[in-house]
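Below: one structure, written as structure tokens.
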2 protein chains.
Amino acid sequence: MNDESNGRSPGARPTLAAVARRAGVSNSTASLAFGGAGPVSDATRERVLTAARELNYAGPDPRARSLRRGRSGIVGVVVEERVRDAFRDPIKLALLDGLSEAIAPLDAGLLLLADTGAASAHIEDASMDAAVLIGCSPRLDESVAALWRRGIPLVAIEGEPADGVLVFSLDNRSATRAVAEHLRALGHERVAIVALPLERVRRRARLTPELEAEGTSNTAIERLAGARDVFPDAGGFVTTGSFVEEGRLAARELLADPDARPTAIIAQSDLLAAGVIRAAEELGIAVPAELSVVGFDGVRVDGLWPYDLTTLVQPAVEKGRAAGRAIVEMLAGGHPVALAFTSEFHLGNTTAPPPPLP
Amino acid sequence: MNDESNGRSPGARPTLAAVARRAGVSNSTASLAFGGAGPVSDATRERVLTAARELNYAGPDPRARSLRRGRSGIVGVVVEERVRDAFRDPIKLALLDGLSEAIAPLDAGLLLLADTGAASAHIEDASMDAAVLIGCSPRLDESVAALWRRGIPLVAIEGEPADGVLVFSLDNRSATRAVAEHLRALGHERVAIVALPLERVRRRARLTPELEAEGTSNTAIERLAGARDVFPDAGGFVTTGSFVEEGRLAARELLADPDARPTAIIAQSDLLAAGVIRAAEELGIAVPAELSVVGFDGVRVDGLWPYDLTTLVQPAVEKGRAAGRAIVEMLAGGHPVALAFTSEFHLGNTTAPPPPLP
DNA sequence: TGCCCTTATCGAATCGATTCGATCCGATTC
DNA sequence: GAATCGGATCGAATCGATTCGATAAGGGCA
């Protein structure tokens with residue numbers, strides 16, 4: 001009696017075929033009645049939708065649809081950190097925002113692929129139409145190659161250029177050089193650097209030539225090089241990430257010795273710079289009178305008021321958008337070109353000439 | 001000549017069948033040679049993998065695999081905001097972290113479904129094995145129902161309970177009541193509230209009975225109720241989100257009139273509380289001597305030092321983990337039960353008795 | 001009336017793998 | 001030496017939809 005009223009076995013979800021049968025139309029017509037692009041009379045569509053409602057059918061199975069269509073409606077976002085760490089960084093959030101804005105026409109979701117070591121299997125096995133690599137190191141080359149073989153469009157932001165990956169880069173080096181020159185023009189000579197992590201395994205440490213040589217993190221290395229272009233032997237400290245607290249710890253270290261105290265600190269991110277300023281406050285060092293501080297990124301740091309950080313404003317949302325647009329274009333068969341973005345110097349109130357020598 | 005050396009038409013990706021043909025084995029054996037659970041001799045497996053390498057085959061197509069297996073290896077995360085806003089909230093990040101930790105055994109990726117108004121189609125059309133709703137309002141009921149019809153396990157954190165959704169809740173009301181009682185015990189009588197958004201459409205405004213009545217945001221409403229249990233007619237201000245800057249703006253408004261100034265402020269999140277403290281600093285009001293401030297969440301607010309916020313520490317990571325575990329269990333056919341989490345009172349140095357009346 | 005063209009519907013092939021049950025073969029056991 | 005056993009391999013069905021080309025029915029035009 002219930003041979004067609006509610007599918008075969010109880011508990012089994014109804015399929016499009018079941019709906020079609022109940023509506024008395026063919027399989028293909030039923031398909032058309034849902035999203036399809038094809039002529040269907042209003043009466044028929046209504047009949048199909050009614051049948052669907054009666055059978056409690058929730059619409060075509062996305063899995064089957066994506067197999068047949070060859071599109072899954074998913075764009076992968078690969079980050080080389082734990083989710084929590086990755087998205088505490090406002091720059092990454094801004095990227096994500098621009099990205100999701102630009103891929104809106106795809107009607108796609110963003111699949112978060114946090115590369116937590118062993119589980120890089122996800123990356124190769126997830127069904128996605130395209131992928132964005134955010135700040136990824138060459139360590140992922142293998143996974144990336146697998147995606148590439150699969151013909152998946154790949155876009156990288158802030159990463160080591162790799163084969164077949166469209167890279168959207170930033171003028172990390174020249175921008176940092178510009179800000180360093182600003183400091184030199186003000187008269188600074190003893191400058192220190194608070195750096196982003198140089199490698200995937202993070203630890204706090206004084207900046208040493210060895211550490212610098214072994215670094216794999218593109219962004220940090222380029223910004224370091226930019227600073228070195230102007231202050232070749234500035235000392236510094238490597239942090240474990242772009243957080244205020246990290247900047248504070250690094251600065252306390254760098255400012256500890258009153259005799260060898262730098263007059264300016266180049267922080268590789270605004271969050272780090274904010275931490276440097278906090279540390280200076282704690283130590284009773286006036287910013288900018290006794291210590292100039294510059295950052296990088298141009299993100300509004302929540303609660304830094306009344307300081308207006310001198311920094312390099314990078315077009316993060318725009319970078320994300322560009323990556324998104326590139327993906328849309330590639331999926332449409334186009335061949336977008338890589339773009340290089342430039343940061344804009346923002347003069348705030350955290351830099352000034354160094355204090356006169358005693 | 002290239003009838004089998006590299007698939008049919010140039011540009012077409014090779015399929016498992018092509019690999020099998022080239023390796024001289026059957027379709028099914030080739031499948032087994034990849035991840036499969038079944039006996040394959042080492043020699044055969046090697047032959048298949050070699051053929052794959054030669055054809056530049058990147059492994060089984062995830063789309064086909066997920067159709068056949070009935071699992072897509074994707075867990076959806078639904079938030080009712082833009083990505084950027086959602087994840088500026090450290091609590092949500094912590095949830096996400098706990099979640100991704102707990103679902104590790106599934107080897108699944110997290111599909112971000114930001115509900116940006118019109119595009120709620122994503123939610124219904126994405127192929128996922130389970131979904132987590134984070135802070136979602138009843139507005140999504142329709143989409144949720146669609147998922148439910150599809151038989152997808154659903155878990156909600158911080159949301160309105162809905163049919164067929166397993167809810168992991170927090171003692172928002174009683175915890176807030178506890179902290180309010182702490183303030184009353186200290187002698188406070190003029191207390192104000194800085195509230196999270198009450199509705200999806202956000203705007204800054206004085207808290208009014210109308211606004212309260214129309215609210216749809218579970219968390220905000222419950223915390224409000226908890227405060228009202230102790231201070232029935234406390235005034236307040238509604239913000240547009242859990243950000244330091246929002247707390248600052250709200251507090252400037254609430255502290256503007258020196259004659260009607262509250263002696264304590266209950267902020268509905270730690271970030272808001274941090275903003276309140278900043279505002280007090282700006283206005284020259286001493287915390288806690290002249291103004292007590294309490295928060296909610298127990299997140300380390302970057303850069304709040306030297307204040308140690310009196311707050312309610314909620315087990316955010318643990319909530320995420322619980323949701324993840326529930327999903328794993330449901331996918332294995334189990335029937336986990338809903339859990340209610342409790343927050344822990346943390347006494348910091350931001351509360352004190354009110355100043356003596358002049 | 002006859003012809004052509006459009007619109008609505010249908011059948012069947014297809015997307016690319018997984019998996020169940022059957023078959024085959026060499027090795028062990030009595 | 002025959003019966004049995006178990007591991008390796010194969011065929012074929014299946015997952016659930018989409019889509020192309022074909023067919024049929026109706027409408028307009030000559």
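Each chain gets a letter, A, B and so on, in the order the sequences are listed, and its residues count up from 1. For the numbers below, each heavy atom of this structure counts, side chains included, while hydrogens, waters and symmetry mates do not.
With respect to B:Arg150 and B:Asp125, no salt bridge is recorded, no charged nitrogen being found less than 4.0 Å from a carboxylate O.
Take A:Arg68 and apply the salt bridge (Lys or Arg N to Asp or Glu O under 4.0 Å) test, not counting sequence neighbours, and it matches no residue.
The residue among A:Arg69 and A:Ala64 whose nearest nucleotide of DNA chain D lies closer to the 5′ end is A:Ala64.
Taking only side-chain atoms of A:Ser26, from C-beta outward, the nucleotide of C:dG11, C:dA8, C:dC15 with the closest atom is C:dG11. Nearest nucleotide to the A:Pro39 side chain, out of C:dT7, D:dA17, D:dT9: C:dT7. Which of C:dG16, D:dT18, C:dT9 sits closest to the side chain of A:Thr29 comes down to C:dT9. Of all nucleotides listed (C:dC15, C:dT9, D:dA17), D:dA17 comes nearest to the side chain of A:Thr15.
Atom C1' of nucleotide D:dA8 and atom CG of B:Asn27 are separated by 16 Å, given to the nearest angstrom. The distance from atom CG of A:Asp61 to atom P of D:dA17 is 6 Å, rounded to the nearest whole Å. We find that CZ of A:Arg47 is positioned 14 Å from P of C:dA8, with the value rounded to whole Å. Nucleotide D:dA17 holds its C1' atom 17 Å from the CZ atom of A:Arg13, rounded to whole Å. Rounding to whole angstrom units, CZ of residue B:Arg21 and P of D:dG11 are separated by 13 Å. Atoms CG (B:Leu16) and P (C:dC15) sit 14 Å apart, rounded to a whole Å. The distance from atom CZ of B:Arg63 to atom C1' of C:dT18 is 17 Å, rounded to the nearest whole Å. Nucleotide C:dG16 holds its C1' atom 11 Å from the CZ atom of A:Arg150, rounded to whole Å.
The closest side-chain heavy-atom distance from A:Asp129 to B:Arg63 is below 4.5 Å.
Looking at every heavy atom in both residues, A:Arg45 comes nearest to A:Ala33 through CG-O, 3.9 Å. Contact detail for B:Met128 and B:Ile152: the closest heavy-atom pair is O-CD1, 3.5 Å.
Among the protein residues, A:Phe34 comes within range of no part of the nucleic acid, since none of its heavy atoms lies under 4.0 Å from any strand. Using a 4.0 Å heavy-atom cutoff across all strands shown, B:Thr44 reaches sugar-phosphate atoms only and no base atom. Within the nucleic acid shown, A:Ser41 comes within 4.0 Å of sugar-phosphate atoms alone, with no base atom in reach, counting heavy atoms only.
Counting distance only, with no hydrogens placed and no angle test, the side-chain atoms of B:Arg65 and the base atoms of C:dT18 include no donor-acceptor pair under 3.5 Å. The base of D:dT14 sits within donor-acceptor range of the side chain of B:Arg68, with an N or O pair under 3.5 Å.
Looking at A:Arg200, its side chain does come within 3.5 Å of a backbone N or O of A:Glu80 through a donor-acceptor pair. No side-chain donor-acceptor contact under 3.5 Å links A:Arg47 to the backbone of A:Val25. In this structure a side-chain-to-backbone donor-acceptor pair under 3.5 Å is missing from A:Arg149 to B:Arg53.
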Are there any protein N/O atoms within less than 3.5 Å of an N/O atom in nucleotides 20-25 of chain C, and if so, which ones and at what distance?
none

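Helix bend of the helix from C:dT1-D:dA30 to C:dC30-D:dG1: the angle between its two end axes, each built from five pairs, comes to 40° after rounding to 10°.
Using the six-membered ring where Trp is involved, B:Phe34 and B:Tyr57 have ring planes that are perpendicular, over 60° apart on the 30 and 60° scheme.
For B:Tyr57, a side-chain nitrogen or oxygen approaches OP1 or OP2 of C:dA17 to under 4.0 Å.
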Query raised in the report: What do the steps show when you test A:Ile327 against A:Leu106 for side-chain contact (heavy atoms from CB on, under 4.5 Å), and what is the final call?
Result: CA-CA 9 Å; A:Ile327 284 175; A:Leu106 294 179; 4.0 Å; yes
